[in-house]
**Q** 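First the structure, which I've put down as C-alpha cells, then a few questions once you've had a look.
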Amino acid sequence: MRSSADPPHAVIEPARLARRLDRLAKIEGQVTRACESFERIRTPRTLRVRIEFAMRSNPAEPNGDLADRLLPPRNERPPATRLVSPRGIALTLYLTALFIAQSRPPGAMPGNTLPLADSDAPVSWTDLIAATAQRHSGRVYSGQREKKLRQVHDALRRLSSPGLQLVRLPNFQRTPTGKYEGFLLMHEGGAPAGGDDNQPYTVPAADSKTMYLPGGLFLNGWIHVLEDSELAFMLMLACLRSRSGKTSVFATSEVRLLQFGLGRDAYESHRILSNLGLVRVQPGPHPGRRYGKAGRYLKSDPPKLHRFELLNDGLEEPAIPAMRQMMARLSYQA
C-alpha cells in the first residue's frame with residue numbers, strides 16, 4: 001500500500017514513453033558534451049530569474065467559465081508558458097542564456113561573445129544545446145550541427161518576435177550573413193503592454209523579486225532531458241517558493257491558469273518530477289465531491305490542494321542515469 005510519502009505514480013502512454021526513450025538515446029552523447037562545455041566557461045552557482053517571467057502580477061481574464069479550466073490565449077500568458085513547445089528549444093535557450101549571463105555581477109548588462117556554431121571556438125551556443133536529428137526534405141537526415149543551428153535560429157526568431165521581445169538581434173538587418181550572431185538578452189518580463197519596447201537585460205540581485213533554481217539544472221544535463229511543461233512547472237514552484245518564503249507551496253487552479261498560464265497537462269508534470277526526485281508531493285488529504293456530467297466540484301466540498309516542494313539536491317545528480325532509471329520503472333509497470 002502506498003504511503004503519503006511515496007511519489008505519485010507517473011503515467012505515460014506507451015507511445016509517448018517510447019518516443020521519450022528514443023529521444024533520450026539520441027541526445028545522450030550531446031548532453032555529456034554540453035555538460036563538459038559548461039565547465040569551460042564561467043557560470044554561477046544558481047540561476048536567478050525575475051518573477052514576471054513565469055507569473056503575471058495581474059490575473060488574465062478567464063477564458064469562458066473558470067470551472068472549465070481553460071487556459072487564457074497564449075498572448076495573455078507570462079513569457080515562460082508562452083514559450084512552452086513540444087519541439088522547439090526557445091525556453092531552453094533563453095534559460096541557458098540567462099544562466100551564462102549571470103556569471104557577471106548584479107546590475108551588469110552582459111554582452112554575448114559566444115559564436116552560434118564554430119568548431120574552432122572552445123564553446124559555442126550549439127555546444128550547449130542537445131537536439132535530435134530529424135528528416136529534412138523527406139529524404140536525408142540533417143547533420144547534427146546543422147540541425148542544432150537551425151533550431152537555434154528558429155528559437156531566436158521566436159524570442160525576438162514583437163510579442164515577446166526577450167532577445168534582440170542587433171545584426172539581423174545589418175549583414176547578409178551572421179544575422180543571429182551576438183544576440184542580446186532583454187528583460188524577462190518581455191514586451192511591455194501598450195506597444196513599448198522592452199528594456200535590455202541586467203543581471204538581477206538575490207532579492208524577493210527573483211526566483212532561483214540550482215546550477216545543476218544546466219551542469220548536470222537536466223535542461224536537456226526535461227520537457228518544456230516540466231520546466232514551466234518547476235518555474236512555478238520556484239516562483240511560489242520565493243514569494244511565500246516557504247519550501248512547501250501550492251497553487252489554486254485559478255492562480256495556476258490565470259497567473260502562470262499552466263494547464264492541466266503541465267500540472268500533471270509533478271508526477272514525473274516526483275519520480276525523478278526533483279519535486280516532493282504532499283497529496284491533498286481530501287479529494288472533494290463532484291457533481292454533474294462535467295464532474296465539477298461542489299463549492300461546499302472542494303478538494304484539498306496538493307502541496308509541492310522543489311528538491312534542490314535532485315538537480316545535483318546527473319540527469320541521464322536518473323531519467324533512464326525512471327523510464328525503466330515506468331516500462332516495467334506498463
Side-chain angles (χ1 to χ4, degrees), residues 19-43 47 83-101 103 110-161 164 166-185 215-228 231 318-321 323-324:
R19 289 195 298 270
R20 193 153 186 175
L21 282 168
D22 180 63
R23 181 180 184 276
L24 194 65
K26 290 178 178 177
I27 67 171
E28 184 169 1
Q30 297 177 60
V31 172
T32 299
R33 288 191 290 274
C35 293
E36 293 170 350
S37 296
F38 274 116
E39 293 177 357
R40 299 191 187 104
I41 56 179
R42 289 178 57 194
T43 56
L47 168 70
L83 294 176
V84 169
S85 167
R87 291 177 297 276
I89 62 166
L91 179 58
T92 296
L93 179 61
Y94 188 71
L95 291 175
T96 301
L98 291 181
F99 184 61
I100 293 172
S103 62
N112 173 19
T113 59
L114 292 182
L116 289 188
D118 186 347
S119 58
D120 295 327
V123 176
S124 67
W125 286 104
T126 54
D127 294 327
L128 301 172
I129 298 296
T132 56
Q134 297 179 353
R135 290 191 181 278
H136 181 57
S137 300
R139 294 185 178 181
V140 297
Y141 282 96
S142 299
Q144 190 179 95
R145 178 180 177 277
E146 289 75 15
K147 168 63 180 175
K148 287 199 287 188
L149 184 59
R150 188 165 64 249
Q151 283 197 318
V152 169
H153 288 173
D154 291 345
L156 290 173
R157 281 198 298 272
R158 187 174 180 191
L159 290 165
S160 63
S161 64
L164 281 169
L166 291 170
V167 155
R168 184 168 69 87
L169 303 176
N171 296 317
F172 196 80
Q173 302 292 342
R174 296 180 183 176
T175 59
T177 59
K179 292 177 179 291
Y180 301 94
E181 298 286 349
F183 69 86
L184 297 174
L185 289 172
L217 176 67
F218 305 91
L219 304 179
N220 293 313
W222 291 101
I223 191 70
H224 310 294
V225 304
L226 294 175
E227 295 183 350
D228 278 6
L231 290 170
I320 291 288
M323 184 65 74
R324 282 200 177 282

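No hydrogens, no waters, no symmetry mates; every other heavy atom, side chains included, goes into these values.
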**Q** How far does CD1 of I320 sit from CH2 of W222, to the nearest 0.5 angstrom?
**A** 9.0 Å
**Q** Among residues at least two apart in sequence or on other chains, which ones pass salt bridge (Lys or Arg N to Asp or Glu O under 4.0 Å) with D154?
**A** R157
**Q** Which distance, rounded to the nearest 0.5 Å, do you find between the CZ of R168 and the CG of L185?
**A** 11.0 Å
**Q** Strictly distance-based, threshold 3.5 Å: is any side-chain N or O of E181 a donor or acceptor partner for the main-chain N or O of L116?
**A** yes
**Q** My understanding is that only residues two or more places apart in sequence, or in another chain, count here; which of them pass salt bridge (Lys or Arg N to Asp or Glu O under 4.0 Å) with R20?
**A** E227, E230
**Q** In terms of relative ring orientation, are F99 and F38 parallel, tilted or perpendicular, with 30° and 60° separating the classes?
**A** perpendicular
**Q** Closest heavy-atom contact between A155 and A90?
**A** CB-CA, 3.7 Å
**Q** Atom CD1 in I129, atom CD1 in I89: separation rounded to 0.5 Å?
**A** 4.5 Å
**Q** Please enumerate all residues that pass salt bridge (Lys or Arg N to Asp or Glu O under 4.0 Å) together with R324, with sequence neighbours excluded.
**A** E28
**Q** So which atom in A319 and which in V225 form the shortest heavy-atom distance, rounded to 0.1 Å?
**A** CB-CG2, 3.7 Å
**Q** Only one of L95, T92, L166, L231 clears side chain to side chain contact (heavy atoms under 4.5 Å, CB included) with L83; which?
**A** L166
**Q** Under the side-chain contact (heavy atoms from CB on, under 4.5 Å) rule, what do R23 and R19 come out as? Steps first, then yes or no, please.
**A** CA-CA 6 Å; R23 181 180 184 276; R19 289 195 298 270; over 6 Å; no
**Q** Is it the case that atom CZ in R40 sees more than 12 heavy atoms from other parts of the structure closer than 6.0 Å?
**A** yes
**Q** CG of L93 to CZ of R158: how many Å apart, nearest 0.5 Å?
**A** 12.0 Å
**Q** Under 3.5 Å, is there a donor-acceptor pair between the side chain of K148 and the main chain of T126?
**A** yes
**Q** Quick one: closest heavy-atom pair of L184 and G111, and the distance?
**A** CD2-CA, 4.2 Å
**Q** Search all heavy atoms of P321 against all heavy atoms of P318 and return the closest pair with its distance.
**A** CD-O, 3.6 Å
**Q** Taking the side chain as everything from C-beta on, heavy atoms only, tell me whether L47 gets closer than 4.5 Å to F218.
**A** yes
**Q** Please report the shortest heavy-atom distance between A101 and P110, naming the atom on each side.
**A** CB-CG, 3.6 Å
**Q** Hey, could you give me the CH2/CG distance between W125 and L114, rounded to the nearest 0.5 Å?
**A** 5.5 Å
**Q** Just by modelled atom types, is the S85 backbone N or O under 3.5 Å from a matching donor or acceptor in the D228 side chain?
**A** yes
**Q** How many angstroms lie between atom CG of L128 and atom SG of C35, to the nearest 0.5 angstrom?
**A** 10.0 Å
**Q** Which pair of heavy atoms, one from V31 and one from A130, lies closest together, and at what distance?
**A** CG2-CB, 4.1 Å
